[in-house]
Amino acid sequence: VKCDIAVVGSGLAALVATRALQRAGRDPVLIWPGLSSLYFLYATVDVLGYANATTPEPVEQPLNGIQKLIADDPEHPYALAGSAALQEGSSLLLEWLREAGFNWRGTLARNLLLPTATGTPKPSCLVPASMVAGDLQRNEPIAFCGFDGYQDFTPELAASNLSRAWTGGRRTVTAVRVPVPGIKPDRLFTSIDLARNFEDATFRREIAGRLRRAVSDDKARLGMPAVLGLTHDTDVHAEFEKETGHPVFEIPTLPPSVLGLRLFDRLRRHIQESGVEMIWAAPAHAAEVSNGRCLRIHLKSAGRDQPVEARAFVLALEDAVDGAGRAGTHTIRDPFFHQALAHHATPEERTDESLFQPQPFATIGYHVSDRLQPVDEDGRPLASNVFVAGGAIAGYDPTGIKARGGMAIATGYRAAQEAMAA
Amino acid sequence: MVTDQGADGATATRAMADFLETRWRGVRHVFWGSQLRQAQVTAGLHLELFNVDRQLRFQGDDPQRAGVLKVPVAVEAVAQP
């Protein structure tokens, strides 16, 4: 394969980079190493939820917060990408979402505070319109709604936690459960099963009727697990609000995450239909470098070696499930230049003793130049026409500050700009 | 726990966190290859999708003494950009 610019990755950083290249009139090829992490971790686009990994105070104005973060920590991936990349990249993404048929809301100027499935308030920036009614800056009472036999959402837990956190018991937060028509409670069923059923009007009206009877407060908003339609979610949400007579908001669930599926499937299909070539399920295993430039990368495709030649490369690896690093027991290597990204005497050094603390493994990645080129120990680019975005950048840890989407957008967009200039 | 035993949310969340912590301590010795990827997903789910780290911080060690979040005053509806 010969192309203009090759983007490697399957997360939001890769999608934003590819879209930016396409919109600029370039001819990108998207190399998809495997199943996307969007499925697992993306429901909303979180830009900056907290100023650091431990503070309990949420950030109200994400863009201001990032400008402060950049001033305080010039090595942070947000600082490397620049706040302009976040702003331009977010506009690009929101415009793309509209074009691809999504209805999303939010601005970089302000976070929403939305309840998670455990009833914990969480700051998010750009969100599907079907989640907006959950904003805790509004005062209406909330009724969490679950389904008999559905194990990925416990309305009673969410109600108890949120009642205490949000109001200290002053606002009304309740929990109801209804049986699902056509599904016996002892059958195991997932969010996907429910989401598919919700596209059927008869099923939906039956559930709406049961909820209307179960929720006594006419003013309550209904907090539902995100199962309101698999592909026609915008219509399903609007219809369901009419049918129940209440404002309704969706709450992200454990995998399989319907919100992640919707986002990923539709954007991928849209970019393919708009003419971007994709190479599927092909993990990269080497970069061929000559005179300081990367000539081609080699993929393992259908059991054989497939070289991809390009003028520039964007390595937008999400690191959780894309395989940005090959982790042995002591050394973690990158799949392109075979550099040691980290050494550990024992594997335990990669993790904190507590799951709920920042994890050392999260920050492992390529050290990059101020143009996001991967560099060697002396700070020299490994290849002048290769640019890194997303979780494969060293020091990239969006988990504690709740910034996964924003960091992916900013670095993906910036890497695309650099690739065009290379 | 909340449905079967009538526990409150803070107690149930603490019990879930204790269970996850114990399991984490057991498996963190084998985090290489695909196990490391799985660890990243596990941490991401609980911390990012659920925000459980903030839930624990905010409810403290004693579920009976959980705090109340300071919610910014209500502002006008979010504009579509």
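Just so it is clear: chains get the letters A, B, ... in the order the sequence lines come, proteins before strands, and each one is counted from 1.
- Note: A/Ser354 leads A/Pro398, A/Ser354, A/Pro252, A/Ala159 in heavy-atom pairs under 4.5 Å with chain B.
- Residues B/Leu49 and A/Thr116 are not in side-chain contact: their nearest non-hydrogen atoms beyond the backbone lie 4.5 Å or more apart.
- For CD of A/Glu140, the number of neighbouring non-hydrogen atoms (other residues, nucleotides, ligands) closer than 6.0 Å is greater than 12.
- In this structure, B/Trp24 has its ring center closer than 6.0 angstrom to the ring center of B/Phe31.
- The residues A/Arg105 and A/Asp135 are annotated as not salt-bridged, no charged nitrogen and carboxylate oxygen being separated by less than 4.0 angstrom.
- With a threshold of 4.5 angstrom between heavy atoms, A/Gln359 approaches chain B through side-chain atoms but not through N, CA, C or O.
- With respect to the salt-bridge test (charged N to carboxylate O, under 4.0 angstrom), the residues B/Arg57 and B/Asp53 do not qualify.
- Heavy atoms of A/Lys402 lying under 4.5 Å from chain B belong exclusively to its side chain.
- At a 4.5 Å heavy-atom cutoff, the contact between A/Ile332 and chain B is made by side-chain atoms alone.
- Among the candidates A/His330, A/Arg350, A/Glu353, A/His344, the residue making the largest number of heavy-atom pairs closer than 4.5 Å to chain B is A/Glu353.
- Of the two parts of A/Ser124, neither the backbone nor the side chain holds a non-hydrogen atom closer than 4.5 Å to a non-hydrogen atom of chain B.
- Between the side chains of A/Tyr150 and A/Ser191, a donor-acceptor pair is found at a separation under 3.5 Å.
- Residue contact with chain B, scored on non-hydrogen atoms closer than 4.5 Å, is absent for A/Ala175.
- In this structure, the portions of A/Thr351 lying under 4.5 Å from any heavy atom of chain B include both its backbone and its side chain.
- B/Asp8 and B/Thr11 form a side-chain donor-acceptor contact under 3.5 Å, judged by distance and modelled atom types alone.
- Using a 4.5 Å cut-off between heavy atoms, B/Ala17 contacts chain A through both its backbone and its side chain.
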